[in-house]
Trainee: 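Provided herewith is a single structure, encoded as structure tokens, for subsequent inquiry.
Remember, it's a predicted structure, so these values are computed and weren't measured experimentally.
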Amino acid sequence: MTLQTTMQAATRGRWAVAGIFLANGFLTGSWAPQIPVFLTRLDITRFTLGLLILLFGVGAVISMTWCGHLISRHGSRTVTRWFGICGSFGLLIVALAPNVPLAAIAMLIFGGSIGGMDVAMNSNAVVVERRLSRAIMSSSHGFWSLGGFAGGALGGYSIQNYGHLPHAVAVTVIAFAVIAFAIRYLIAEDKPQTVEHQKFTLPRHTAVYLVGLMALLTMISEGAVLDWAALFLHQELGADLAVAGLAYAAFSGVMALMRFLGDGVRNRFGAVSTLRGSALVAAAGMLVAGLSPSPYLAIAAFAFCGFGIANMVPIIFSAGGNQEGMSSGTGMSVVTTMGYSGILVAPSAIGFVAEHSSFGPIFVALSGLLVIVLLMAGLAHRAEFAPDPVPAE
């Protein structure tokens, strides 16, 4: 195989994995507008709804934990194909569930397929980065954000005008079509590490857990803005609901834009320097938001925070997938599981603290977590590129 042919395949693989990210974000974003219908259709309380949503997270974490083992045996391309096809039907299974017990099973399956797909597609993005010797992780996450925006924006209109089940069917058809096309062009690792991981074991390398800790601290902050920023503006800063909703919109909009620009920044300045600068910006934005006396200043601060956080997770994921002495899937599995566990645990913990305090000090404390990531940024040096060897002609 010639160098030109290899690079052409890698370029196709780059856009193929972008399509997988887009589909995953679209499926996840399409679930959000289904939630109110889910509540009324099953005639359940908010507490029961919370437990069912928690099962989605439990399924995702269980799947993420095992996904690294599967990737080390079969390769990220194969595992992405498996979870991608299964994941495209996840929302439809939930929409069809007629009662709480079946809905619980459906949520576990949906969460497991989306979680496994997440680890596998991130691992495959690492493979593409190695092959191309340049960053593509930030823009890949940008496609995820774009898919999530499209799913959330179109979902409410579709459900209101056509019903929740036709919406779920349409989402399934679109996601399946995108995934089925994309998986044809995914690239594979040159040498899957099948011997090293015959049995499921946790890695013994301390570094990968420290990288996972950085993901945890970053994603706690991201999840806090998602779940509590609007309530902070509404209850403590006196904003009406329309203005309060702009907090996460500004945060996520700036974050999506920066993810498409982030690869160029990272390629120019390097992963460690980009992570340090991003963490500094994010910490400053979170601090100003927590101290803000005005809802509009808080919205601007949250947008500034999104500017920083945007490329932190992609760089940390790249570092996790490039750990020495283990497959990309194994490292990615540890880092993504630790990171997403923060999103699962943090909302309830922050809610408990907020009952005895206000949200302002909580956001100030979260800025401190981002400073810790800043101090640990040197661990992201594994995200720098050591190109894969090009096969001989």
Side-chain angles (χ1 to χ4, degrees), residues 10-30 32 76 80 84 87 114 117-129 131-132 134-154 174-175 178-179 181-182 185-186 215 218-219 221-223 225-226 248-271 274-275 277-279 281-282 285 302-321 332 335-336 339-340 343 380 383 385:
T11 301
R12 288 195 297 268
R14 181 264 177 279
W15 293 112
V17 78
I20 301 296
F21 272 86
L22 182 73
N24 186 284
F26 182 65
L27 286 163
T28 305
S30 297
S76 62
T80 301
I114 291 295
M117 187 178 171
D118 195 291
V119 175
M121 69 190 187
N122 276 286
S123 298
N124 195 257
V126 170
V127 176
V128 175
E129 286 189 326
R131 196 68 57 82
L132 293 175
R134 61 181 175 86
I136 62 113
M137 187 67 81
S138 289
S139 58
S140 295
H141 281 256
F143 279 104
W144 188 94
S145 299
L146 184 62
F149 175 79
L154 298 175
I174 293 170
V178 172
I179 291 168
F181 180 78
Y185 300 103
L186 293 173
T218 302
M219 296 181 79
S221 300
E222 183 177 341
V225 178
L226 167 64
Y248 184 69
F251 175 84
S252 60
V254 171
M255 185 165 62
L257 175 63
M258 277 307 300
R259 282 180 166 171
F260 283 111
L261 300 175
D263 289 330
V265 175
R266 179 177 156 197
N267 285 325
R268 180 173 180 180
F269 296 104
T274 303
L275 180 58
S278 297
V281 168
F302 282 127
F304 195 65
C305 184
F307 182 91
I309 283 182
N311 294 304
M312 293 174 67
V313 169
I315 290 172
I316 292 169
F317 278 12
S318 284
M332 189 66 69
V335 172
T336 53
Y340 283 104
I343 287 184
F385 305 111

Trainee: Taking all non-hydrogen atoms of both residues, which atom of Val313 and which atom of Arg259 are closest, and how far apart?
Mentor: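 Looking at all heavy atoms of both residues, the closest pair is CB-NH2, 4.3 Å.
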Trainee: Could you state the interatomic distance from CG (Leu146) to CZ (Phe26), rounded to the nearest 0.5 Å?
Mentor: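 Output value for this atom pair is 11.0 Å.
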Trainee: What is the minimum heavy-atom distance between Val17 and Ser140, and which atoms define it?
Mentor: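 Nearest heavy atoms, Val17 then Ser140: CG1-OG, 4.4 Å.
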Trainee: Determine whether a donor-acceptor pair (N or O, by modelled atom type, separation under 3.5 Å) exists between the side chain of Thr218 and the backbone of Ala215.
Mentor: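 No; judged by distance alone, with no hydrogens or angles, the pair does not exist.
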Trainee: Contact between Asn24 and Trp144 at the side-chain level, heavy atoms closer than 4.5 Å - yes or no?
Mentor: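 A side-chain contact exists here, since the closest heavy-atom pair is under 4.5 Å.
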Trainee: Below 4.5 Å, heavy atoms only, C-beta onward: do Met332 and Ser318 meet side chain to side chain?
Mentor: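 Side chain of Met332 against side chain of Ser318, heavy atoms only: no contact under 4.5 Å found.
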Trainee: If you look at every heavy atom in Val225 and Phe251, which pair is closest and at what distance?
Mentor: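 Heavy atoms of Val225 and Phe251 come nearest at CG1-CG, 3.7 Å.
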Trainee: Just how far is it from atom CG of Asn311 to atom CG of Leu261, taken to the nearest 0.5 Å?
Mentor: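 It comes to 8.5 Å.
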Trainee: Please round to the nearest 0.5 Å and tell me the distance separating atom CD1 of Ile136 and atom CH2 of Trp15.
Mentor: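 Interatomic distance, Ile136 CD1 to Trp15 CH2, rounded to 0.5 Å: 9.5 Å.
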Trainee: Would you please test Arg131 and Thr11 for side chain to side chain donor-acceptor pair (under 3.5 Å) and show each step?
Mentor: CA-CA 9 Å; Arg131 196 68 57 82; Thr11 301; over 6 Å; no
Trainee: Is the closest side-chain heavy-atom distance between Arg134 and Glu129 below 4.5 Å?
Mentor: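 Counting from C-beta outward, Arg134 and Glu129 never come under 4.5 Å.
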Trainee: Looking only at heavy atoms, which two atoms of Ala10 and Val128 are closest? And how far apart?
Mentor: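 Minimum heavy-atom separation between Ala10 and Val128: O-CG1, 4.0 Å.
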Trainee: Compare every heavy atom of Ala23 with every heavy atom of Ile179, then report the nearest pair and how far apart it is.
Mentor: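 Looking at all heavy atoms of both residues, the closest pair is CG1-CB, 3.6 Å.
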Trainee: Set out, in order, the CA-CA distance, both residues' side-chain angles and the distance that settles side chain to side chain contact (heavy atoms under 4.5 Å, CB included) for Ser139 and Arg14, then state yes or no.
Mentor: CA-CA 10 Å; Ser139 58; Arg14 181 264 177 279; 2.5 Å; yes
Trainee: From Ile316 CD1 over to Met219 CE, what is the distance, rounded to the nearest 0.5 angstrom?
Mentor: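 Rounded to the nearest 0.5 Å, the CD1-CE separation comes to 9.5 Å.
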Trainee: Contact between Glu222 and Met255 at the side-chain level, heavy atoms closer than 4.5 Å - yes or no?
Mentor: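 When only atoms from C-beta onward are counted, Met255 and Glu222 do touch, with a gap below 4.5 Å.
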Trainee: Considering all heavy atoms of both residues, which atom of Gly320 and which atom of Val335 are nearest to each other, and what is their separation?
Mentor: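 So the two residues come closest at CA-CG2, 3.7 Å.
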Trainee: Among residues at least two apart in sequence or on other chains, which ones pass side-chain hydrogen bond (donor to acceptor under 3.5 Å, both in side chains) with Ser278?
Mentor: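 Counting only residues at least two positions away or on another chain, Ser278 forms no side-chain hydrogen bond (donor to acceptor under 3.5 Å, both in side chains).
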Trainee: Taking the side chain as everything from C-beta on, heavy atoms only, tell me whether Val265 gets closer than 4.5 Å to Arg268.
Mentor: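 A side-chain contact under 4.5 Å is absent here.
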Trainee: So, do Phe143 and Ile20 sit near enough that their side-chain heavy atoms are less than 4.5 Å apart?
Mentor: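 No, side chains not in contact.
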Trainee: Measuring from atom OG of Ser138 to atom CG of Asn267, what distance do you get when rounded to the nearest 0.5 angstrom?
Mentor: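 The OG atom of Ser138 sits 9.0 Å away from the CG atom of Asn267.
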Trainee: Restricting to side-chain contact (heavy atoms from CB on, under 4.5 Å), what partner residues turn up for Ala271, sequence neighbours left out?
Mentor: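 Partners of Ala271 by the side-chain contact (heavy atoms from CB on, under 4.5 Å) criterion, ordered by chain and then number, come out as Arg266, Ile315, Ala383, Glu384.
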Trainee: Got a second to check how far Leu27's CG is from Ile114's CD1, nearest 0.5 Å?
Mentor: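 CD1 of Ile114 is found 4.5 Å from CG of Leu27.
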Trainee: Using distance only, find each side-chain donor-acceptor pair of residues 117-127 under 3.5 Å and give its atom names and separation, not counting sequence neighbours.
Mentor:
residue, atom, partner, partner atom, Å
Asp118, OD1, Asn122, ND2, 3.0
Asp118, OD2, Tyr340, OH, 3.0
Asn122, OD1, His141, NE2, 2.9
Asn122, ND2, Asp118, O, 2.8
Ser123, OG, Val119, O, 2.9
Asn124, ND2, Ser76, OG, 3.1
Asn124, ND2, Ile187, O, 2.8

